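Comments concern the structure below.
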Amino acid sequence: MNTPNHLSSGLWRHPRDRSRGYRTLEHWLDLARTLEAGGIDVLFLADVLGVYDVYGGSPDAALRAGAQVPVGDPLQLVPAMASVTETLGFGVTASVSFEHPFPFARRISTADHLTNGRIGWNIVTSYLSSGALNLGVSGQVAHDRRYDIADEYLEVCYRLWEGSWADDAVVADAASGVYVDPAKVRAIDFAGEFFRVPGLHLAEPSPQRTPFLFQAGASPRGLRFAARHAEAVFVAAPSDAVLAKQVAAVRAAVAEAGRDPDTVPVINQQTVILAATDADAEALYREYLEVADPIGAAVLLSGWTGIDFSRLDPNAPLAAQGSDAIQSAVDAFTAADPSRVWTPREIADYARIGGDGPVVVGSPSTVADVLERTVETTGVSGFNLAATVSPEGWEQLTGLLVPELRRRGRRPAEPRRGTLREKLSGAGARVADDHAAAAFRHTS
Ligand SMILES: Cc1cc2nc3c(=O)[nH]c(=O)nc-3n(C[C@H](O)[C@H](O)[C@H](O)COP(=O)(O)O)c2cc1C
């Protein structure tokens with residue numbers, strides 16, 4: 001995330017942490033080079049366009065803790081990082097609630113060109129009312145309705161990316177003086193319930209056309225959305241018991257939508273802290289905990305769940321309840337695992353490092369054992385590894401974890417090449433024939 005403080009609240013206070021450099025290009029170029037050289041597939045950039053003001057009913061606690069604020073635009077970082085890398089992919093979060101699909105589709109096509117097809121989009125509908133208010137909307141649209149809007153938003157994007165330009169529309173023929181053959185470009189002529197886009201896409205076809213699509217729907221409506229659109233699904237499960245249920249729910253929803261569940265990886269949010277030995281890693285973990293900030297964690301949890309943690313009895317079990325923010329963030333600590341009762345204090349303590357995903361601490365072989373066991377017992381396909389102390393957290397991944405996983409045959413010796421879709425799906429650069437976007441392809 002383009003912020004000093006993504007999921008592990010307070011680690012910016014650690015004396016070795018350099019995340020304040022997030023405002024500089026050098027910070028991101030160093031990160032991109034480190035990840036690529038270390039065999040990481042994709043850099044995922046989360047984003048929110050709003051401040052976490054549910055906790056205490058004001059932004060003060062978020063500002064004090066630096067809880068995902070200040071936060072900059074993630075997409076602007078990508079072309080710069082692409083210029084110093086060849087294989088690293090970029091998953092960029094953008095919300096369908098805050099930008100019209102017409103300019104957004106062009107920005108993504110531009111990024112797909114400039115990265116040579118290494119761009120992915122994490123589709124979010126946004127859970128912070130504070131963001132909606134700043135766009136002149138009187139309040140947050142209801143949770144399930146946001147997904148209805150998102151479905152139509154995606155259709156507009158698919159029509160622009162897939163259906164507006166033929167692959168051979170650009171002729172750039174100096175002899176005839178024709179740059180684009182007008183017969184091969186068509187207006188999408190779209191008029192829906194939420195959007196009207198009569199015209200043609202402004203960008204020419206990019207390597208992937210539709211960017212590789214990540215999504216993290218976890219509620220029943222969110223899962224239906226993910227099953228239709230996602231090419232990889234993110235989840236955030238605090239335990240293997242909850243994770244196994246979420247993986248099964250995603251696979252069932254994808255099958256229900258008529259797609260092959262084996263082609264849609266499910267990726268859990270995960271934090272790892274590694275050192276050469278278990279004892280050294282435990283010492284490092286204790287060091288991180290000393291500066292970690294439970295109030296910052298409660299600020300984030302309040303935004304995710306829509307529940308003001310400052311008003312809860314810290315020691316009374318959190319009750320299962322609906323949410324207009326992230327329903328699954330409440331469920332994960334209530335209904336999803338009835339064998340485990342969580343109090344607000346325990347949840348905030350748990351979320352201090354790694355947010356609502358699990359943390360594994362140990363030597364490379366201990367951490368690899370845990371991750372392998374999680375894959376075997378839950379069926380999860382992979383992990384979205386969260387930042388800790390920067391840059392040493394990245395170096396733990398590339399210097400300790402990846403070599404161990406390579407030794408076990410769990411990571412390729414060489415980075416995968418090609419577009420992000422080719423890297424992650426093993427298939428072609430363009431969306432699969434059974435994906436919703438394929439129905440809008442230009443067929444002349
Ligand atoms: C790994 C992961 C990363 C996410 N990143 C973002 C993000 O950057 N911005 C955002 O607004 N929501 C983000 N979300 C939240 C999802 O978009 C979604 O709201 C959430 O998973 C719950 O879905 P639901 O509304 O269907 O319950 C993320 C979720 C997960 C699991």
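As the structure lists them, so they are numbered: ligands from 1, and atoms in each ligand from 1. Keep in mind the model is a prediction, meaning the values are calculated, not measured.
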Numbering as shown, the atoms of ligand 1 that approach [X] to under 4.0 Å (heavy-atom distance):
{"X": "Gln269", "value": "1 (C), 2 (C)"}
{"X": "Gly217", "value": "23 (O), 26 (O)"}
{"X": "Ala236", "value": "31 (C)"}
{"X": "Ala216", "value": "16 (C), 18 (C), 20 (C), 21 (O), 22 (C), 23 (O), 29 (C), 30 (C), 31 (C)"}
{"X": "Asn122", "value": "5 (N), 6 (C)"}
{"X": "His143", "value": "24 (P), 25 (O), 26 (O), 27 (O)"}
{"X": "Val235", "value": "31 (C)"}
{"X": "Ala46", "value": "8 (O)"}

Side-chain donor-acceptor pair under 3.5 Å between Ser126 and Ser95, yes or no? yes
With a 3.5 Å cut-off and no angle check, do the side chains of Asn384 and Gln269 form a donor-acceptor pair? no
Is it true that Phe104 and Trp121 have ring centroids separated by less than 6.0 Å? yes
Ring centres under 6.0 Å, that's the criterion: do Phe194 and Tyr153 meet it? no
Is atom 25 (O) of ligand 1 in close reach of the protein, with a heavy atom under 4.0 Å away? yes
Within 45° of the six-membered ring axis of Trp342 and under 6.0 Å from that ring's centre, is NZ or CZ of Arg340 located there? yes
Among protein heavy atoms, which sits nearest to [atom], and what does the distance come to when rounded to 0.1 Å?
{"atom": "atom 11 (O) of ligand 1", "result": "Tyr127 CE2, 3.3 Å"}
{"atom": "atom 13 (C) of ligand 1", "result": "Val124 CG1, 3.8 Å"}
{"atom": "atom 8 (O) of ligand 1", "result": "Asp47 N, 2.9 Å"}

Students often mix this up, so state it plainly: with edges at 30° and 60°, are the rings of His229 and Phe225 parallel, tilted or perpendicular? tilted
Anything under 30° is parallel, anything over 60° is perpendicular, the rest tilted; go ahead and classify Tyr158 against Trp161. tilted
Ligand 1 N/O within reach of [X] N/O, cut-off under 3.5 Å:
{"X": "Thr125", "value": "no"}
{"X": "Ser219", "value": "yes"}
{"X": "Ala218", "value": "yes"}
{"X": "Tyr147", "value": "yes"}
{"X": "Phe234", "value": "no"}

Shortest non-hydrogen separation from Ala32 to Thr85 and the atoms involved: O-CG2, 3.7 Å
Can you figure out which of Val48, Thr93, Ile326 has its heavy atom closest to atom 19 (O) of ligand 1? Ile326
Phe234 vs Phe214, side-chain contact (heavy atoms from CB on, under 4.5 Å): CA-CA, chis, key distance, verdict: CA-CA 7 Å; Phe234 288 132; Phe214 298 97; 3.6 Å; yes
For Glu287, the option from Val291, Leu284, Leu289 that meets side chain to side chain contact (heavy atoms under 4.5 Å, CB included): Leu284
Start with the C-alpha gap between Glu231 and Val264, add the side-chain angles, then the distance that decides, and say whether side-chain contact (heavy atoms from CB on, under 4.5 Å) holds. CA-CA 5 Å; Glu231 297 178 272; Val264 181; 5.9 Å; no
